[in-house]
K.L.:
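Please find one structure pasted underneath; my questions will follow.
Along the sequence shown, the residues carry numbers beginning at 1.
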Amino acid sequence: MGKRDVQEVNAGSMADIAFLLLIFFLVTTTMDTDSGLSRMLPPPVPEDQETPPPIKDRNVFEVLINSQNRLLVENEPMELTELRDAAKEFIQNPMDDEGLPEKEEKQIEYFGIYPVTKGVISLQSDRGTQYQMYLSVQNELAAAYNELRDELARSKFGKKYSELEDDKQDAIGDIYTQKISEAEPKNIGGK
């Protein structure tokens with residue numbers, strides 16, 4: 001008996017098949033994309049200004065999140081569900097309370113001379129704070145501004161803030177400018 005020749009397998013089309021499979025998986029696979037928080041950064045400090053002007057204590061609404069995801073707002077423990085209303089009261093200062101932020105009279109289009117708060121919300125978290133808690137606090141603070149804008153838009157123009165023309169949105173945005181200052185996270189509570 002003689003040796004039989006083993007036929008060679010033609011692998012020329014294997015590269016084509018592998019390439020087509022690669023294209024198929026690239027086209028059909030979905031990628032998770034991280035979504036961040038949209039924030040407008042403050043304008044750069046002028047070169048001739050060495051330090052920022054001081055802010056009075058009454059104009060700062062201090063929100064701290066510790067490593068156990070608990071809130072300390074204005075040196076008092078607070079639940080997340082109460083944060084939005086507390087922030088709205090601080091921002092609006094409806095009774096011109098001496099303990100809440102000062103107001104400054106400004107000329108605002110569609111409103112004339114209008115009192116605008118000088119209040120700033122200061123947010124600081126611990127390095128051990130869970131990201132979900134941090135986002136929840138951010139959402140509550142942003143929701144406070146959004147609700148105030150909506151309330152003013154409805155009372156002045158009879159529409160929701162999001163339904164207004166750009167110039168009217170800008171005017172309301174000038175009254176309720178979102179001022180959230182975020183400090184560097186600290187390692188206070190462990191972890």
K.L.:
Any donor-acceptor pair under 3.5 Å linking the side chain of Thr129 with the backbone of Ser125?
P.N.:
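Here the side-chain-to-backbone pair does not exist.
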K.L.:
Taking the side chain as every heavy atom from C-beta outward, state whether Arg58 and Glu98 have any pair of such atoms under 4.5 Å apart.
P.N.:
yes
K.L.:
For the residue pair Glu147 and Arg84, establish whether any side-chain heavy-atom pair is separated by less than 4.5 Å.
P.N.:
yes
K.L.:
Compute whether any side-chain donor of one residue and acceptor of the other, for Tyr134 and Gln138, lie under 3.5 angstrom apart.
P.N.:
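Short answer, yes.
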K.L.:
Verify the cluster assignment for Ile113 and Phe111: are they in a single hydrophobic cluster under the rule of side-chain heavy atoms below 4.5 Å apart?
P.N.:
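In one cluster with Ile113: Phe111, no.
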K.L.:
Quick check: closest heavy atoms across Pro101 and Asn59, and the distance to 0.1 Å?
P.N.:
CA-OD1, 3.2 Å
K.L.:
Within a strict 4.5 Å, meaning less than it, do heavy atoms of the Val120 and Phe61 side chains meet?
P.N.:
no
K.L.:
Does some side-chain heavy atom of Lys168 sit less than 4.5 Å from a side-chain heavy atom of Tyr161?
P.N.:
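When only atoms from C-beta onward are counted, Lys168 and Tyr161 do not touch, as no gap falls below 4.5 Å.
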K.L.:
If you group Ile, Leu, Val, Met, Phe, Trp and Tyr by side-chain heavy-atom gaps below 4.5 Å, do Leu64 and Phe90 land in one group?
P.N.:
no
K.L.:
Can you tell me how far the CG atom of Asp170 sits from the CD1 atom of Ile175, to the nearest 0.5 Å?
P.N.:
11.5 Å
K.L.:
Between Glu151 and Lys156, is there a salt bridge with N-O shorter than 4.0 Å?
P.N.:
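Judged by the 4.0 Å cut-off on N to carboxylate O distance, Lys156 and Glu151 do not form a salt bridge.
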K.L.:
How long is the span from the CG atom in Asp167 to the CD1 atom in Ile172, to the nearest 0.5 Å?
P.N.:
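So the gap between those two atoms works out to 10.5 Å.
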K.L.:
Is it the case that the side chain of Asn69 and the backbone of Gln130 share a donor-acceptor pair, with hydrogens and angles ignored and the cut-off at 3.5 Å?
P.N.:
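It does hold such a pair.
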K.L.:
Considering only NZ, NE, NH1 and NH2 on the basic side and carboxylate oxygens on the acidic side, decide whether Asp174 and Lys106 come within less than 4.0 Å.
P.N.:
no
K.L.:
Same cluster for Val27 and Leu22 if Ile/Leu/Val/Met/Phe/Trp/Tyr side chains link at under 4.5 Å?
P.N.:
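Val27 does not cluster with Leu22.
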K.L.:
Please report the interatomic distance CD(Glu182) to CG(Leu141), rounded to the nearest 0.5 Å.
P.N.:
9.0 Å
K.L.:
Taking the side chain as everything from C-beta on, heavy atoms only, tell me whether Val73 gets closer than 4.5 Å to Glu62.
P.N.:
no
K.L.:
Does the side chain of Arg149 come within less than 4.5 Å of Gln169's, by heavy atoms?
P.N.:
no
K.L.:
Are more than 12 heavy atoms from other residues, nucleotides or ligands located less than 6.0 Å from atom CZ of Arg70?
P.N.:
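No, not enclosed.
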K.L.:
Does Glu79, at its CD atom, have more than 12 non-hydrogen atoms belonging to other residues, nucleotides or ligands within less than 6.0 Å?
P.N.:
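At most 12 heavy atoms, drawn from other residues, nucleotides or ligands, come within 6.0 Å of this atom.
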K.L.:
Under 4.5 Å between side-chain heavy atoms, hopping through other hydrophobics if needed: is there a path connecting Met95 to Tyr176?
P.N.:
no
K.L.:
Any idea which heavy atoms bring Leu83 and Glu140 closest together, and the distance?
P.N.:
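Between these two residues, the closest heavy atoms are CD2-CB, 4.0 Å.
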K.L.:
Distance from Leu100 atom CG to Glu102 atom CD, nearest 0.5 Å?
P.N.:
11.5 Å
K.L.:
Measure the shortest side-chain to side-chain distance between Val63 and Leu71 over non-hydrogen atoms and say whether it is less than 4.5 angstrom.
P.N.:
yes
K.L.:
What pair of heavy atoms forms the shortest contact from Ala171 to Tyr110, and how long is it?
P.N.:
CB-CD1, 4.1 Å
K.L.:
Would you check if Leu152 and Tyr114 make a side-chain contact, meaning some heavy-atom pair closer than 4.5 Å?
P.N.:
yes
K.L.:
State, to 0.1 Å, how close Tyr145 and Thr177 come at their nearest heavy-atom pair, and which atoms those are.
P.N.:
CE2-O, 3.2 Å
K.L.:
Are Met78 and Ile65 grouped together when hydrophobic residues (ILVMFWY) are joined by side-chain heavy atoms under 4.5 angstrom apart?
P.N.:
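Yes, one cluster joins them.
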K.L.:
When rounded to the nearest 0.5 angstrom, what is the spacing between CG in Leu148 and CD in Glu89?
P.N.:
11.0 Å
K.L.:
Which atoms form the tightest heavy-atom contact between Ser162 and Asp150, and what is the distance?
P.N.:
N-OD1, 4.3 Å
K.L.:
Once you round to the nearest 0.5 Å, how far does CD of Gln92 lie from CG of Asp97?
P.N.:
13.0 Å
K.L.:
State, to 0.1 Å, how close Ile121 and Ala87 come at their nearest heavy-atom pair, and which atoms those are.
P.N.:
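Closest heavy-atom pair between Ile121 and Ala87: CD1-CB, 4.3 Å.
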